[in-house]
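Just follow the structure's listing: the first ligand is 1, and inside any ligand the first atom is 1. Computed from heavy atoms alone, side chains included, the values below leave out hydrogens, waters and symmetry copies.
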Amino acid sequence: MSTIKKLSFPENFWWGSAWSAEQAEGRGETGKAETVWERWYKEQPNRFYQRISSEITTDHIHRYKEDIQLMKQTGHNSFRVSISWARMFPQDGVGEVNPQAIAFYRDLFTEMNKNGIKVFANLYHFDMPAKLQDQGGWESRDVVEAYVHFAKTCFEEFGDLVFHWFTFNEPLGPILGSYLEDFHYPNLVDFKRGSQAAFFTILAHAKAIEVFKTYNLSSKIGVILNLSPTFPRSNNSADVKAAEIADLFYTRSFLDPMVKGNFPPKLVELLTEYDQLPLDFTQEDLATIQANTAQILGLNYYEPRRVKARLTAINPESPFLPEWFFENHVMPGRRMNEYRGWEIYEKGIYDLCMDIKNNYGNIEAFISENGMGVANEERFMDEDGQVIDEYRIEFIRDHLAYLWKAIDDGCNIKGYHLWTFIDCWSWINSYKNRYGLVSLDLPTQKRTIKKSGEFYKKLSDENGFNYDIDLLVL
Ligand code: BGP
């Protein structure tokens, strides 16, 4: 059977995409402090795919006018950038603000607005100034204060141009990467220090919101979280328990304090039992977190999390990690994006939105990242040099169909942002996996709209698309 229906999205739906300063701007000539990524590349270039650094990336700093035209041609009515802390404060993230950085961002945002593209501005996307990392990074209260000063400066300088603000992109990422799983500088494995850094990140979020509220801007401020619905392998109580614990570590840990203002009691209990709570926190910090929560929520959805009860015992001498309580489950029959190693499960977007509706007061939210990174896309180029990425179109349509269903079922979802607009640099994968609606020829910086870019324009113009709704299985 097949029932083709036009899936229409709410009026003024935000169609767009996202990227970040370190991944797209390039260093440029404005002056910029060294970031942890530049530092790490200098120390260990072998950790970066094909030894490509973030020095030039997509060279957006020189090409933003052309890029904004491409945004228009690919149907963007909104776009998320991040503002580089290191560029705004080139003396290692503190000190005097950089007039050239202000001029760059003001011009970029003005140009976006002139072209009908709403500015979603994120304040932190993994790009700590290296000298602040030396002072402890998110483990340091001084760094929290420096971040709040940076945030305040951005509200003052760009408040008239920004549509919505975000304190952090995926704050869990740097904790996993820097403190647990060795994929961010400074590559520690130390849960308790990670726990402190996580706590201060959450405090920084609350303090930035506290300051934001003093400005009476018409924009809102929120946070962008990477969330995966967690599924146990089976209904066996041991699998269910494993899934509950994984969910506490990876989903509720940031979602609850940043959106509801409090920490999940079960997580606190577990961390107390294993002596992994942060050492430095006060009642005043907790009150600040309680009083200053997100006004809008961005959901980055890439893949589900599947877990099962552990089969093997823990080596008590190994460092404490969330995996002490579960193992990842490789579900037989799962569909994979083999390039990135992530499962493709469209219905997860529906489950995630329903969780936010049912357990987080149906806060105003949007999909802030979703997308498909594919290697060697030149294989799919036609004779005119256009990438014919039918797989990406299918990926977007299938996810959007479930998003449409979530909205139909009452979720307060205001938009969909793809990762991403033009192929951009990725943290350690550099330019291996390409995500863009527009392809990038790295040596020449030539940009060419992919077939998915044309699809995205039509989707945005028509605010929907035709789909066989019999394919939706709830
Ligand atoms: C998200 C990050 C992005 C981006 C994306 C794709 O987690 O917020 O910065 O990189 O994932 O992932 P990757 O670049 O690792 O393939």
So, for Phe380 and Tyr391, is the gap between ring centers shorter than 6.0 Å?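 Here the rings of Tyr391 and Phe380 have centres that are less than 6.0 Å from each other.
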
Measuring centre to centre across the rings, with the benzene-like ring taken for any Trp, is Phe150 within less than 6.0 Å of Tyr124?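 They do not qualify: ring centres at least 6.0 Å apart.
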
On a heavy-atom basis, which atom in Tyr41 and which in Ile52 lie closest, and how many Å separate them?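 Heavy-atom minimum between the residues: CE1-C, 3.9 Å.
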
Please identify each residue that fulfils ring pair (Phe, Tyr, Trp, His ring centres under 6.0 Å) with Phe200, with sequence neighbours left out.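 Residues passing ring pair (Phe, Tyr, Trp, His ring centres under 6.0 Å) with Phe200: none at all.
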
For the residue pair Tyr416 and Asn370, confirm or rule out a side-chain donor-acceptor distance under 3.5 Å.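 On atom types as modelled, these side chains qualify, holding a pair under 3.5 Å.
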
Exactly which residues line ligand 1, taking a heavy atom under 4.0 Å from it as the test?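 Those residues closer than 4.0 Å to ligand 1 by some heavy atom are Gln23, His125, Asn169, Glu170, Tyr302, Arg340, Trp342, Glu369, Trp419, Ser426, Trp427, Tyr435.
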
Within the distance-only criterion (no hydrogens, no angle test), does the side chain of Ser78 pair as donor or acceptor with the backbone N or O of Ile117 below 3.5 angstrom?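 No, because the side chain of Ser78 does not come within donor-acceptor range (under 3.5 Å) of the backbone of Ile117.
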
